[in-house]
Each structure stands twice: as C-alpha cells, then as structure tokens.
Amino acid sequence: MKKTDFKKMKETTKNQLITYAMVVIVYIIAQIMTATGSLSSLMQGLLVPLCIYSIVAIGLNLCVGYLGELSLGHAGFMCVGAFSSAFFTRCMEDSALPEGLRFFFAIVIGILAAALFGFLIGIPVLRLRGDYLAIVTLAFGEIIKNVVNVLYIGRDAEGFHFSMKDTLSLNMAEDGDIIINGAKGITGTPHQSTFTIGVILILISLFVVFNLVNSRSGRAIMAIRDNRIAAESVGINITKFKLMAFTISAAIAGAGGVLYAHNLAALTALPDNFGYNMSIMLLVFVVLGGMGSFRGSIISAVLLTMLPELLRGLSDYRMLIYAIVLIAMMLFNWAPKAIEWREQHSLKDFIKAKRTKGVQ
C-alpha cells in the first residue's frame with residue numbers, strides 16, 4: 001500500500017471515529033441531563049424525532065451525495081417503513097412474543113419493506129436523470145401517501161379483509177378489528193421508540209454507509225456519480241451499483257419510518273407527515289449539512305429540527321426559511337461564479353501552504 005493511500009485511509013478512519021464519538025457523547029450528555037432534570041419536557045419530546053430525521057438524512061445523503069441522484073421520494077419510503085411495521089405490531093399485539101422482540105421484528109420488517117419498494121421503484125426510475133428522476137420519485141411519495149389514505153384493512157376470525165371504499169365494505173364480523181382505517185391510519189400502536197433505540201439505529205446506519213462508501217462498491221458508486229460514461233467504459237455495472245445505493249438508502253429511510261410509527265399513538269399519512277414538505281425538509285438537511293457528509297447531515301437535522309421549536313414565533317415561516325437555505329446552498333455549490341470563486345480560493349490556499357512548507 002502506498003504511503004498516501006495509508007494516510008488517506010487513516011484520515012477516513014479518524015473522521016468516522018469522530019462521527020461515532022459525536023453521536024455517543026451527545027447521547028450520554030442527553031441521558032445525564034434527563035436523569036438530573038436539566039432537560040425540559042419539550043426537549044425530551046424532541047429526542048426521538050431528532051433520531052428519526054438524522055437516520056433518514058443519512059440515507060438520503062447516500063443517494064444524493066454519493067450516488068449523485070436527486071430523490072424527492074424518501075418521505076414515501078419512510079411511509080412504507082412506518083405503516084408496514086405498525087401493521088405488523090398491531091397484528092401481533094395479542095401474540096406471546098415479548099415486546100422487545102416484537103419491536104425488533106417490526107424494525108426488520110419496516111426496513112425490508114422499504115428496501116423492497118426502493119428496489120422495485122429503482123429499476124425503472126434510475127434509468128432517468130436529473131429533474132426527471134426527482135419528479136418521478138416525488139410522484140412515488142405522493143402515490144404511496146394517497147394509497148394508504150384509501151386503504152382499509154381489518155381482521156376477524158375468518159382472516160384479513162381488504163377494501164379501498166370504506167369500513168362497511170370490509171364485511172367483517174362484529175368482533176373484528178380494523179387495523180388500517182383509511183385516512184385515520186393506524187391507531188393503538190405501542191409507544192416503543194426510545195432515544196436509546198434511535199441512537200443505536202443511527203450508529204448502525206452510519207456503520208452501513210461508512211462501510212459501503214469505503215468499499216469497492218462505494219468507489220464504483222462515486223465513479224458513476226463523477227462520470228457515468230467513464231465508469232461504464234471501464235466495465236462498471238451502472239444499473240447494479242445505482243440500484244444497490246438506492247435500495248440501501250430507501251432501507252435506511254424505512255428504519256426512520258419505524259421509529260416514527262412507534263413514537264405516535266395514531267399514525268396517519270398526512271401531507272405534513274409524509275408529503276412533499278417532508279421530502280423537501282429532508283433534502284434541506286442533506287444540502288445544508290454538505291452533500292457527502294454524513295456527520296453534517298446529522299448536525300443539520302438536529303439543528304433545523306430544534307430551531308423551530310426553540311423559536312416558535314418563526315415556526316410558520318419554517319418552510320420559507322428552508323427554501324431560502326436550499327436555494328442559497330444550490331447556488332453556492334453549482335453557480336459558475338461560485339465554483340470559480342471556490343477554485344480561486346482553494347488554489348490560493350494551496351500555493352500559500354506550499355510556500356510555507358518551502359520556507360520551513
């Protein structure tokens with residue numbers, strides 16, 4: 001191994017350890033503050049949502065930052081993970097399974113369901129590029145939300161009953177249980193999401209994405225992002241690696257959806273929960289934190305989730321502020337003048353560092 005490769009690997013490992021340590025330290029501080037009563041009830045209520053948005057932002061950053069594909073459908077994958085896991089939990093509430101094991105299976109089912117949808121959607125969608133991909137993924141998120149709102153599923157002694165009209169058309173016995181009740185969603189899901197489980201899922205998500213981006217597959221994914229034609233010319237299977245990254249990204253979003261579902265007494269597929277605004281908010285987390293920076297995604301998700309609660313007077317303008325931030329960051333990253341300015345300053349810093357080194 002070359003010395004430069006070793007130094008680069010060392011630097012990468014160091015950055016990863018810093019990210020892990022940051023999450024663990026914040027967790028310990030939050031636990032100490034909660035135990036001593038220093039953390040307000042408002043902030044305690046925000047701990048699980050902070051974990052949810054951090055997890056989904058990590059998954060979206062894999063798609064946007066490393067794969068280089070703009071997805072506006074991650075709220076849809078979050079919705080799939082939320083409803084599939086909540087459906088399983090409701091179906092198994094009278095079983096002999098311990099609560100902890102039941103929640104573990106719910107997490108696995110939510111992740112697998114989101115991954116399956118990501119795989120199926122990715123097959124046709126990833127053939128598109130740029131704005132077309134964003135539009136189709138946005139449409140997927142809206143379709144999922146609207147389908148859930150007209151879905152009625154009940155269960156009685158005869159089994160499951162499905163309908164897309166109303167509860168009366170389920171034709172269930174009087175003692176039957178309605179699990180998904182159209183626009184009313186799923187009610188009665190146990191409150192099993194905790195800050196500890198959220199932090200564990202963040203660490204697992206980071207472990208997965210760090211190992212992926214630093215592997216041979218990760219380098220192939222980044223090569224596709226940088227130059228699709230050059231990557232294809234050296235034999236990289238474009239479809240395979242794009243689908244891999246997109247599916248893993250969707251699965252991580254599904255994990256966030258599981259936490260979301262088990263943090264609420266009533267789960268509904270409203271526009272505020274899994275609609276366009278949610279997708280834009282997640283994209284803002286990624287762009288503001290830095291595309292390709294998982295640590296930045298976590299920090300921006302935490303800050304932008306806390307700020308509206310701390311500054312409630314500006315909560316009505318949250319989406320406006322997000323839009324302004326998103327436009328500003330896009331201009332800074334992609335505007336020709338901004339790129340030229342960054343290149344000039346990076347060149348000046350490089351020359352200055354060389355001169356300093358030469359003097360020494």
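Not measured: the values here are computed from a predicted model. Note that the numbering runs from 1 along the sequence shown for the chain. Excluded from the calculations below are hydrogen atoms, water molecules and symmetry mates; all remaining heavy atoms, backbone and side chain alike, are included.
- When every heavy atom of Val148 is checked against every heavy atom of Ala269, the shortest pair comes out as CG1-CB, 3.9 Å.
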**Asked** Given the rule in the side-chain hydrogen bond (donor to acceptor under 3.5 Å, both in side chains) test, do Thr194 and Thr196 qualify, once you have shown the distances and angles that lead to the verdict?
**Response** CA-CA 5 Å; Thr194 63; Thr196 301; 4.7 Å; no
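- Residues Leu62 and Val213 are in side-chain contact: their nearest non-hydrogen atoms beyond the backbone lie under 4.5 Å apart.
- Relative ring orientation between Tyr27 and Phe195 is described as tilted, the plane-to-plane angle lying within the 30° to 60° band.
- For the residue pair Tyr260 and Ser193, no side-chain donor N or O sits within less than 3.5 Å of a side-chain acceptor on the partner.
- Looking at every heavy atom in both residues, Ala30 comes nearest to Leu47 through CB-CD2, 4.4 Å.
- Linking Ile, Leu, Val, Met, Phe, Trp and Tyr residues whenever their side-chain heavy atoms come within less than 4.5 Å places Tyr53 and Ile197 in a single cluster.
- Shortest non-hydrogen contact noted between Ala245 and Leu67 is CB-CD2, 4.1 Å.
- Put simply, the side chain of Phe285 does not reach to within 4.5 Å of the side chain of Ser297, judged on heavy atoms.
- You'll find the side chain of Asn181 reaches within 4.5 Å of the side chain of Tyr152, heavy atoms only.
- Side-chain heavy atoms closer than 4.5 Å link hydrophobic residues (I, L, V, M, F, W, Y) into clusters, and following such links, possibly through other members, connects Val48 to Ile28.
- A side-chain donor-acceptor contact under 3.5 Å links Gln192 to the backbone of Glu99.
- Proximity of a side-chain donor or acceptor of Arg102 to a complementary backbone N or O of Thr89 within less than 3.5 Å is not detected.
- Rounded to the nearest 0.5 angstrom, His161 NE2 and Asp156 CG are separated by 3.5 Å.
- Annotation: the span from Met244 atom CE to Ile221 atom CD1 amounts to 6.0 Å, rounded to 0.5 Å.
- Between Thr189 and His262, the shortest heavy-atom contact is CG2-CD2, 3.7 Å.
- The side-chain contact (heavy atoms from CB on, under 4.5 Å) test applied to Phe160 returns Phe87, Cys91, Ile153, Arg155, Phe162, Ile179, not counting sequence neighbours.
- Residues Ile121 and Leu112 do not share a hydrophobic cluster, clusters being chains of Ile/Leu/Val/Met/Phe/Trp/Tyr side chains in contact below 4.5 Å.
- Cluster membership for Phe104 and Leu97, using ILVMFWY side-chain heavy atoms within less than 4.5 angstrom, is shared.
- Inter-residue side-chain proximity for Lys184 and Ile178 is flagged as unmet; no heavy-atom pair is nearer than 4.5 Å.
- A 4.5 Å side-chain heavy-atom check between Met281 and Leu304 finds every atom pair outside the cut-off.
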**Request:** I would like to know whether His191 and Asn263 meet side-chain contact (heavy atoms from CB on, under 4.5 Å); could you show each step before the answer?
**Result:** CA-CA 5 Å; His191 192 285; Asn263 193 46; 3.1 Å; yes
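- Contact annotation: the side chain of Val286 never approaches that of His74 to less than 4.5 Å [non-hydrogen atoms, C-beta and beyond].
- Under a 3.5 Å cut-off, the side chain of Ser85 and the backbone N or O of Ala82 do form a donor-acceptor pair.
- For the pair Ile252 and Ile55, the tightest heavy-atom approach, listed with the atom from each and the gap, is CG2-O, 3.2 Å.
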**Message:** Quick one, Phe241 with Ile224, criterion side-chain contact (heavy atoms from CB on, under 4.5 Å). Give me CA distance, side-chain angles, the key distance, then yes/no.
**Reply:** CA-CA 8 Å; Phe241 289 108; Ile224 294 168; 3.7 Å; yes
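- Connection of Leu116 to Ile109 is not established within any shared hydrophobic cluster, with ILVMFWY side chains joined at heavy-atom distances below 4.5 Å, either directly or through further cluster members.
- The two residues Asn273 and Met278 make their nearest non-hydrogen contact at O-CE, 2.9 Å.
- When each of Phe294, Phe207, Phe210 is paired with Tyr20, the ring-ring contact (aromatic ring centres under 6.0 Å, His included) condition holds for Phe210 and for no other.
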**Derivation of the side-chain contact (heavy atoms from CB on, under 4.5 Å) call for Leu212 and Tyr66** = CA-CA 10 Å; Leu212 175 65; Tyr66 281 89; over 6 Å; no
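- Other residues, nucleotides and ligands contribute only 12 or fewer heavy atoms inside 6.0 Å of the CD1 atom of Ile229.
- Ring orientation note: the planes of Phe140 and Phe77 are tilted relative to one another, at an angle of 30° to 60°.
- When side chains are defined from C-beta on, Leu70 counts as touching Leu283, because their heavy atoms get closer than 4.5 Å.
- Residues Phe246 and Ser71 meet the side-chain proximity criterion, which asks for heavy atoms closer than 4.5 Å.
- Between the side chain of Asn61 and the backbone N or O of Ser293 there is at least one donor-acceptor pair closer than 3.5 Å.
- A distance of 10.0 Å separates CD1 of Ile202 from CD1 of Ile52, quoted to the nearest 0.5 Å.
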**Request:** Kindly determine whether Ile298 and Ile58 satisfy side-chain contact (heavy atoms from CB on, under 4.5 Å), including the steps that lead there.
**Result:** CA-CA 7 Å; Ile298 296 172; Ile58 289 169; 3.9 Å; yes
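- To the nearest 0.5 Å, the span separating CE on Met222 from CG on Asn227 amounts to 15.0 Å.
- Looking only at distances, a side-chain donor or acceptor of Ser279 sits under 3.5 Å from a matching main-chain atom of Leu72.
- Side-chain atoms of Arg90 do not come within 3.5 Å of backbone N or O of Ile180 as any donor-acceptor pair.
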